[in-house]
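Side-chain atoms are counted along with the backbone in the values below, which use heavy atoms only and exclude waters and symmetry mates.
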Amino acid sequence: MVGVEPPTGASRIPRSAGHNEEASRKSRNEGTAVNSRTIRITLAAICALVVACSSAACGTGAAPRNNAQPGGASQQAAVPAADLSLSPSPFGPLSAADKKLLTLVRQTSLREITTSQMALQRSSDPRIRQAAQMIINQHIDLNQRDLDVAQKLGLQLPNEPAPDMQVGIDRMKTENGKEFENDYTNTLRQAHGEALVLIAKVRADTQNSLVRSFADVAGGFIRMHIQMLEQTGQVNYTKLPVPNPQTS
């Protein structure tokens, strides 16, 4: 029997070629399976992360850092813990701010009595002289009240102005005429403004009855001094610090 040859030009697929195609398909299928597993693992990890974050936000994980105080007030983290400490006293707890106020008023009284006496000697402006005399009288009164409160609370107050205050006193000793008047009124006006901010804060928050009453008196005196200094016409308001809207 004579074998029949395939027609001329008919395609023949070598065995080796078919084998290679089969291997290629198998490789692609395995790659697809690996990619699918990788995607599933990645999705599972993302889901786990989302669940963990949601749980923490809802409070089931670590507690958020919230320093909220009773009544809705929040305590700023920047305030050192030592500033919030309270010392017991028969008149109520005494805070660091309470002590700072008593110290500041004592140092300020020493500085302003001295500089206002200089103003009586060196200024011929009746408005400045009137302001200086009132400041002297009221700071003598305020200083004695301050010492009395400190004694009842067992506190020792300084006997001289703060170093930066002494610098101002020494500077004014070298000045005369308009130069002195300008320095005196503007230095005291800015200092009174800073003191008034502290007084208002302490008056609002203090738990000590003696300090509360003292802050009332001090605040009234300081406001009058500010008004008298401004009535001299010598205050340069552009030298005052810009109000901070975040100051509580």
Side-chain angles (χ1 to χ4, degrees), residues 91 94-95 97-153 155-173 175 180-206 208-237 239-241:
F91 307 95
L94 192 67
S95 72
D98 296 339
K99 298 175 185 177
K100 179 180 179 179
L101 173 60
L102 297 174
T103 299
L104 178 65
V105 169
R106 168 64 172 166
Q107 294 174 321
T108 299
S109 294
L110 294 173
R111 185 263 305 277
E112 295 184 5
I113 290 172
T114 299
T115 55
S116 294
Q117 289 172 340
M118 293 165 59
L120 292 179
Q121 298 169 358
R122 302 187 182 202
S123 176
S124 59
D125 189 323
R127 297 170 299 178
I128 292 179
R129 294 176 61 85
Q130 182 182 6
Q133 188 62 66
M134 187 185 72
I135 289 173
I136 291 172
N137 295 341
Q138 292 192 347
H139 267 289
I140 290 175
D141 183 3
L142 190 61
N143 182 58
Q144 188 58 56
R145 292 172 185 263
D146 193 10
L147 293 173
D148 291 344
V149 170
Q151 182 179 18
K152 292 178 182 178
L153 294 173
L155 299 177
Q156 183 67 41
L157 298 181
N159 291 319
E160 56 186 18
D164 62 322
M165 295 181 183
Q166 188 61 50
V167 170
I169 293 174
D170 294 339
R171 183 183 64 248
M172 290 185 204
K173 288 179 180 179
E175 300 170 343
F180 170 82
E181 292 175 347
N182 178 70
D183 194 358
Y184 169 76
T185 54
N186 283 282
T187 297
L188 267 64
R189 171 59 182 84
Q190 181 168 343
H192 277 78
E194 294 170 355
L196 187 59
V197 172
L198 177 61
I199 292 170
K201 178 62 177 173
V202 171
R203 177 59 183 85
D205 297 341
T206 186
N208 188 281
S209 60
L210 284 182
V211 174
R212 189 177 304 118
S213 297
F214 178 75
D216 281 335
V217 176
F221 282 172
I222 295 301
R223 281 189 289 272
M224 283 190 284
H225 298 174
I226 289 176
Q227 292 171 354
M228 290 295 291
L229 289 167
E230 291 176 345
Q231 289 173 9
T232 65
Q234 300 273 358
V235 174
N236 184 351
Y237 294 97
K239 292 185 178 181
L240 298 177

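- Taking CG of N143 as the reference point, atom CG of L110 lies at 6.0 Å (rounded to 0.5 Å).
- With sequence neighbours left out, the side chain to side chain contact (heavy atoms under 4.5 Å, CB included) criterion links D183 to R171, M172, E175, T187.
- Here F180 contributes atom CZ and Q121 contributes atom CD; the two are 8.5 Å apart, rounded to the nearest 0.5 Å.
- Between the side chains of D98 and S95, at least one donor N or O lies within less than 3.5 Å of an accepting N or O.
- In this structure, S116 contributes its side chain and E112 its backbone to a donor-acceptor pair below 3.5 Å.
- Between the side chain of R203 and the backbone N or O of A215 there is no donor-acceptor pair closer than 3.5 Å.
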Requested in this report: Could you please spell out the steps behind the side chain to side chain contact (heavy atoms under 4.5 Å, CB included) verdict for Y184 and M118?
Outcome: CA-CA 9 Å; Y184 169 76; M118 293 165 59; over 6 Å; no
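- Within 6.0 Å of atom CD in Q117, more than 12 heavy atoms from other residues, nucleotides or ligands are found, so the atom counts as buried in its surroundings.
- Using a 4.5 Å cut-off on side-chain heavy atoms (C-beta onward), Q130 and T232 make no contact.
- N186 and Q190 share no donor-acceptor pair across their side chains, judged by distance under 3.5 Å alone.
- S109 is not listed as a side-chain neighbour of D146, based on a closest heavy-atom distance of 4.5 Å or more.
- Across all their heavy atoms, V202 and A97 have their closest contact at CG2-O, 3.7 Å.
- Counting heavy atoms from C-beta outward, H225 and M134 have side chains that approach closer than 4.5 Å.
- By the side chain to side chain contact (heavy atoms under 4.5 Å, CB included) test, L155 pairs with L94, K99, L102, A150, L153, sequence neighbours left out.
- A donor-acceptor pair is defined here as one N or O able to donate and one able to accept, closer than 3.5 Å; no such pair exists between the side chain of R111 and the backbone of Q166.
- Residue Q156 holds its CD atom at 10.0 Å from OG1 of T103, rounded to the nearest 0.5 Å.
- Under a 3.5 Å cut-off, the side chain of D141 and the backbone N or O of Q138 do not form any donor-acceptor pair.
- Residue N208 comes nearest to T206 through the heavy atom pair N-OG1, 3.1 Å, listed as atom of the first residue, atom of the second, then distance.
- Side chain of H139 to main chain of I135: no donor-acceptor pair is present (N/O by atom type, distance under 3.5 Å, no hydrogens or angles).
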**Report entry** side chain to side chain contact (heavy atoms under 4.5 Å, CB included) evaluation trace for T108 with M165
**Finding:** CA-CA 8 Å; T108 299; M165 295 181 183; 3.6 Å; yes
Requested in this report: Please assess L240 against R189 for the test side chain to side chain contact (heavy atoms under 4.5 Å, CB included), listing each intermediate value before the final yes or no.
Outcome: CA-CA 9 Å; L240 298 177; R189 171 59 182 84; 3.7 Å; yes
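- Applying the side chain to side chain contact (heavy atoms under 4.5 Å, CB included) criterion to L120, with sequence neighbours excluded, gives R129, A132, Q133, I136.
- At a threshold of 4.5 Å between non-hydrogen side-chain atoms, the residues V211 and F91 do not count as touching.
- M228 CE to R127 CZ: the interatomic distance, rounded to the nearest 0.5 Å, is 11.0 Å.
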Query - Verdict with supporting geometry, D148 and K152, salt bridge (Lys or Arg N to Asp or Glu O under 4.0 Å) - result: CA-CA 6 Å; D148 291 344; K152 292 178 182 178; over 6 Å; no
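- If you take CG on D216 and CD1 on I199, they are separated by 10.0 Å, rounding to the nearest 0.5 Å.
- Here CG of L188 is found 4.5 Å from OG1 of T115. Values are rounded to the nearest 0.5 Å.
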Query - side chain to side chain contact (heavy atoms under 4.5 Å, CB included) evaluation trace for D170 with K173 - result: CA-CA 5 Å; D170 294 339; K173 288 179 180 179; 3.9 Å; yes
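- By the 4.5 Å heavy-atom criterion applied to side chains, Q234 and D125 are counted as neighbours.
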